[in-house]
**Q** 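Before anything else, here's the structure in question.
Heavy atoms only: backbone and side chains are in, while hydrogens, waters and symmetry mates are out. Predicted model only: the values in this text are computed from it and were never measured. Sequence positions, counted from 1, serve as the residue numbers for this chain.
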Amino acid sequence: MTKKNIVVIGAGGMAREVRWLIEAINSVSPSYDFLGYVVSDLSKVGPRDSKEDILGDYHWLAKNRARVDAVTIGIGTPAARLKVAEELKGMMNGVECPALIHPTAIIDLRTAKIEKGVLLCAGVVATVNITLREFALVNFGCTLGHEATVGRGSVVNPGAKISGGVTVGDGAQVSTGAQVLQYLTIGEGAIVGAGAVVTKDVPANVTVVGIPAKIAEKARNQNA
């Protein structure tokens with residue numbers, strides 16, 4: 001099988017984990033040649049980015065369009081994932097955005113619905129009738145129960161536990177170690193704080209924290 005040239009958007013820690021994910025896939029079935037990282041703005045490259053493997057910015061991507069067979073997003077925040085997904089749609093029409101599934105992930109592929117750009121990382125356990133919308137990211141060591149849905153561009157961070165029948169809305173984030181009980185809905189753009197236990201539906205565009213999870217108070221003025 002001919003391997004596809006793949007580029008990772010982003011150059012930080014999540015991008016390096018996505019490179020590792022690609023290498024893990026290749027160890028089982030050689031599928032991709034990693035070309036390097038592309039960033040949207042070279043002026044914002046920082047000390048935590050893999051500078052030595054950055055190919056360039058979006059101008060490089062446009063100029064080298066013929067060399068690139070596939071693109072994936074190595075960014076761990078929902079809003080940024082959605083933003084980049086829209087940018088790629090305009091720039092890279094026809095280039096594949098593959099779903100990447102780590103070989104150690106357990107998921108019933110017979111009943112799963114997995115859309116383009118999805119990342120399913122090491123050690124994920126997902127059961128039956130799972131739906132993963134475009135560019136959803138399920139990070140390492142997470143669990144997804146039956147009929148769970150992870151929305152477009154949403155991020156489930158390491159060790160989070162999503163129970164059966166849960167819907168995570170588009171652009172939402174379930175942070176590290178959080179738990180969401182069965183048949184609940186996490187609203188679009190909402191954030192579930194690290195270690196929180198969600199026992200009731202979460203409205204859109206709010207942050208919930210604690211056990212049980214409650215809407216976080218707005219930051220108080222330091223001079224109040």
Side-chain angles (χ1 to χ4, degrees), residues 1-102 114-122 132-140 150-158 168-173 175 188-189 191 205:
M1 184 178 72
T2 302
K3 293 195 289 184
K4 298 176 180 179
N5 291 330
I6 192 168
V7 164
V8 176
I9 306 298
M14 189 69 236
R16 290 188 288 275
E17 289 189 2
V18 174
R19 180 178 182 176
W20 171 51
L21 170 55
I22 293 167
E23 291 169 350
I25 292 170
N26 284 339
S27 70
V28 175
S29 176
S31 303
Y32 301 101
D33 278 324
F34 171 74
L35 295 182
Y37 304 114
V38 167
V39 297
S40 60
D41 187 345
L42 287 169
S43 70
K44 294 183 179 179
V45 171
R48 297 179 181 176
D49 293 317
S50 295
K51 298 178 183 179
E52 66 279 5
D53 291 314
I54 294 176
L55 299 167
D57 57 13
Y58 285 165
H59 295 292
W60 183 95
L61 205 55
K63 184 178 179 180
N64 293 274
R65 167 70 176 77
R67 291 180 56 196
V68 179
D69 302 308
V71 177
T72 188
I73 301 175
I75 300 171
T77 56
R81 291 184 68 77
L82 289 172
K83 181 176 183 291
V84 170
E86 288 304 308
E87 292 167 347
L88 290 176
K89 185 186 297 183
M91 288 189 302
M92 304 295 286
N93 186 36
V95 171
E96 182 183 1
C97 293
L100 300 178
I101 301 175
H102 197 280
I114 302 176
E115 298 182 358
K116 69 179 183 180
V118 164
L119 299 177
L120 205 61
C121 297
L132 303 173
R133 300 296 186 195
E134 291 183 358
F135 301 101
L137 163 59
V138 183
N139 220 314
F140 61 86
V150 181
R152 186 172 184 271
S154 291
V155 175
V156 182
N157 274 329
V168 179
D170 294 349
Q173 176 176 306
S175 299
E188 181 176 338
I191 297 173
N205 302 311

**Q** Taking Arg81 for the side chain and Phe135 for the main chain, is one N or O donor matched with an acceptor at less than 3.5 Å?
**A**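 Flag set: sc Arg81 to bb Phe135 pair under 3.5 Å.
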
**Q** In Å, rounded to the nearest 0.5 Å, how long is the span from CG of Asp69 to CG of Asp33?
**A**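 Here the interatomic distance stands at 9.0 Å.
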
**Q** Just so I know, are the side chains of Ser50 and Arg16 near enough to count as touching, which here means a heavy-atom distance under 4.5 Å?
**A**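 Touching, per the 4.5 Å side-chain cut-off.
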
**Q** Quick check for you: to the nearest 0.5 Å, what is the distance between Leu42 atom CG and Ile54 atom CD1?
**A**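 Rounded to the nearest 0.5 Å, the CG-CD1 separation comes out at 7.0 Å.
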
**Q** Which heavy-atom pair separates Gly171 from Ser154 by the least distance, and what is that distance?
**A**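 The answer is N-OG, 3.1 Å.
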
**Q** Would you indicate whether the side-chain heavy atoms of Val45 and Tyr37 approach each other to under 4.5 Å?
**A**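 Tyr37 vs Val45: side chains apart.
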
**Q** Is Val7 close to Asn5 at the side-chain level, that is, under 4.5 Å between some pair of heavy atoms?
**A**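 No, too far: nothing below the 4.5 Å cut-off.
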
**Q** Val18 and Gly74: which non-hydrogen atoms are nearest, and at how many Å?
**A**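 That closest heavy-atom pairing would be CG2-CA, 3.8 Å.
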
**Q** Side-chain contact test, heavy atoms from C-beta onward, threshold under 4.5 Å: evaluate it for Glu17 versus Asn139 and give yes or no.
**A**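 In contact.
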
**Q** Is the backbone N or O of Val39 less than 3.5 Å from a side-chain atom of Asp57, with the two atoms forming a donor-acceptor pair by type?
**A**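 A pair under 3.5 Å: no.
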
**Q** Do you know the tightest heavy-atom contact between Phe140 and Cys121?
**A**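 What the structure gives for the nearest pair is N-CB, 3.6 Å.
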
**Q** Starting at CD1 of Ile114, measure out to CG of Leu119 and round the result to the nearest 0.5 Å.
**A**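 Separation between the atoms: 11.5 Å.
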
**Q** Do Leu137 and Pro78 come close enough that some side-chain heavy atom pair is under 4.5 Å?
**A**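 They are not in side-chain contact.
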
**Q** Counting only N and O atoms by type, is there a donor-acceptor contact under 3.5 Å from the side chain of Asp170 to the main-chain atoms of Gly151?
**A**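 Looks like no, no N/O pair under 3.5 Å.
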
**Q** Please report the interatomic distance CD1(Ile6) to CD1(Ile25), rounded to the nearest 0.5 Å.
**A**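 Answer for the CD1-CD1 pair, Ile6 versus Ile25, is 7.5 Å.
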
**Q** Checking the side chain of Ser31 only, and the main-chain atoms of Lys3 only, is there a donor and an acceptor separated by less than 3.5 Å?
**A**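 Absent.
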
**Q** Mind running side chain to side chain donor-acceptor pair (under 3.5 Å) on Gln173 and Ser175 for me, showing each step along the way?
**A** CA-CA 6 Å; Gln173 176 176 306; Ser175 299; 3.0 Å; yes

**Q** Does the Asp49 side chain pair with the main chain of Lys51, one donor and one acceptor, at a distance under 3.5 Å?
**A**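 Side chain of Asp49 to backbone of Lys51: no pair is present.
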
**Q** Apply the salt bridge (Lys or Arg N to Asp or Glu O under 4.0 Å) test between Arg152 and each candidate in Glu115, Glu188, Glu86; give the one that qualifies.
**A**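 Testing each of Glu115, Glu188, Glu86 against Arg152, the sole residue satisfying salt bridge (Lys or Arg N to Asp or Glu O under 4.0 Å) is Glu86.
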
**Q** Between atom CZ of Arg67 and atom CG of Leu55, what is the distance when rounded to the nearest 0.5 Å?
**A**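 One finds 7.0 Å between CZ of Arg67 and CG of Leu55.
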
**Q** Do Leu61 and Leu88 have side chains that approach each other closer than 4.5 Å (heavy atoms only, starting at C-beta)?
**A**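 Contact flag for Leu61/Leu88 side chains = yes.
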
